[in-house]
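The structure appears below as structure tokens.
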Amino acid sequence: SQQGEEDPQALSIQEGENATMNCSYKTSINNLQWYRQNSGRGLVHLILIRSNEREKHSGRLRVTLDTSKKSSSLLITASRAADTASYFCATDSPSGTYKYIFGTGTRLKVLA
Amino acid sequence: GAVVSQHPSRVICKSGTSVKIECRSLDFQATTMFWYRQFPKKSLMLMATSNEGSKATYEQGVEKDKFLINHASLTLSTLTVTSAHPEDSSFYICSATDREGGEKLFFGSGTQLSVL
């Protein structure tokens, strides 16, 4: 399957520290997105990076994409307790039908 | 931002009954809606893709007769779990893309289904 794998599966850090999570995928993509999910809720879109982009920023978020390694990373700087959530990467289908496959997710816990 | 409303948020039903879950795009027209299933601390598993006015496309291994999807309008898609059994207990989430945004997914808040 195309499902991406993320690591670490779980991450616990102190408030103010940076959090880095990684996503690897298997097939070629048009774009990769990162989503956040609070426990028992739906997902919220964070950032989209296209296959011809290498890095993208949005506020405290920094995303990188390495298509040669089929991997992406999400960096959250100066983390806050409110950043506690699960983070998922999602890759689109090579057919470009807006069908996205989600990674296994990283559960982030930020301790106050 | 675009809002997707999903109801109910939680439902408990007896084995053998059917349950309908609604997913509505409130302030945009949803070209495509997706239905996912999620187990505790696991990722989202895509069940099916639905486009307004046409039959849903189901992923491999997902029973069409078990999980009925109706995308009757550009703002409403429903998932009906027919003859539910305890193994159908799960968290179901819908998402939608709009005509303009295309790539970005807007998610409902999910439905926790418990089948007794």
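Owing to the predicted nature of the structure, the values given are computational and were not obtained by experimental measurement. Note on naming: letters A, B, ... go to the chains in the order of the sequence lines (proteins, then strands), and numbering restarts at 1 for each one.
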If you compare all heavy atoms of B:Gln38 against all heavy atoms of A:Phe88, which two are closest, and at what distance to 0.1 Å? NE2-CZ, 3.7 Å

Under the side chain to side chain donor-acceptor pair (under 3.5 Å) test, which residues partner A:Asp7, sequence neighbours left out? none

With a strict 4.5 Å heavy-atom criterion, list every residue of residues 108-116 of chain B that contacts chain A, or say none. B:Gly108, B:Ser109

With respect to B:Glu103, which candidate in A:Asp92, A:Leu48, A:Asn30 satisfies the side chain to side chain contact (heavy atoms under 4.5 Å, CB included) definition? A:Leu48

Got more than 12 heavy atoms from elsewhere within 6.0 Å of CZ, A:Arg54? yes

Would you confirm whether B:Ser43, through its side chain, and A:Gly103, through its main-chain N or O, come within 3.5 Å as a donor-acceptor pair? yes

I need the contact set between residues 77-91 of chain B and chain A: heavy-atom distance under 4.5 Å, sorted by residue number. B:Phe91

Which atoms of A:Arg41 approach chain B - backbone, side chain, both or neither, heavy atom under 4.5 Å: both

Evaluate the side-chain contact (heavy atoms from CB on, under 4.5 Å) criterion for residues A:Leu43 and B:Tyr36: first the C-alpha distance (whole Å), next the side-chain angles of each, then the deciding distance (0.1 Å), finally the verdict. CA-CA 11 Å; A:Leu43 280 72; B:Tyr36 305 84; over 6 Å; no

Looking at side-chain heavy atoms only, is the closest gap between B:Leu44 and A:Tyr35 below 4.5 Å? no

Cut-off 4.5 Å, heavy atoms of chain B, and the answer for A:Gln9 is neither

Under a 4.5 Å heavy-atom cutoff, which of B:Lys42, B:Lys41, B:Gln6 has the most pairs with chain A? B:Lys41

For a quick test of reading the model, state the closest non-hydrogen atom pair linking A:Gly42 to B:Ile93 and the distance between them. CA-CG2, 4.5 Å

Heavy atom to heavy atom, less than 4.5 Å: which residues from residues 54-64 of chain B reach chain A? B:Glu59

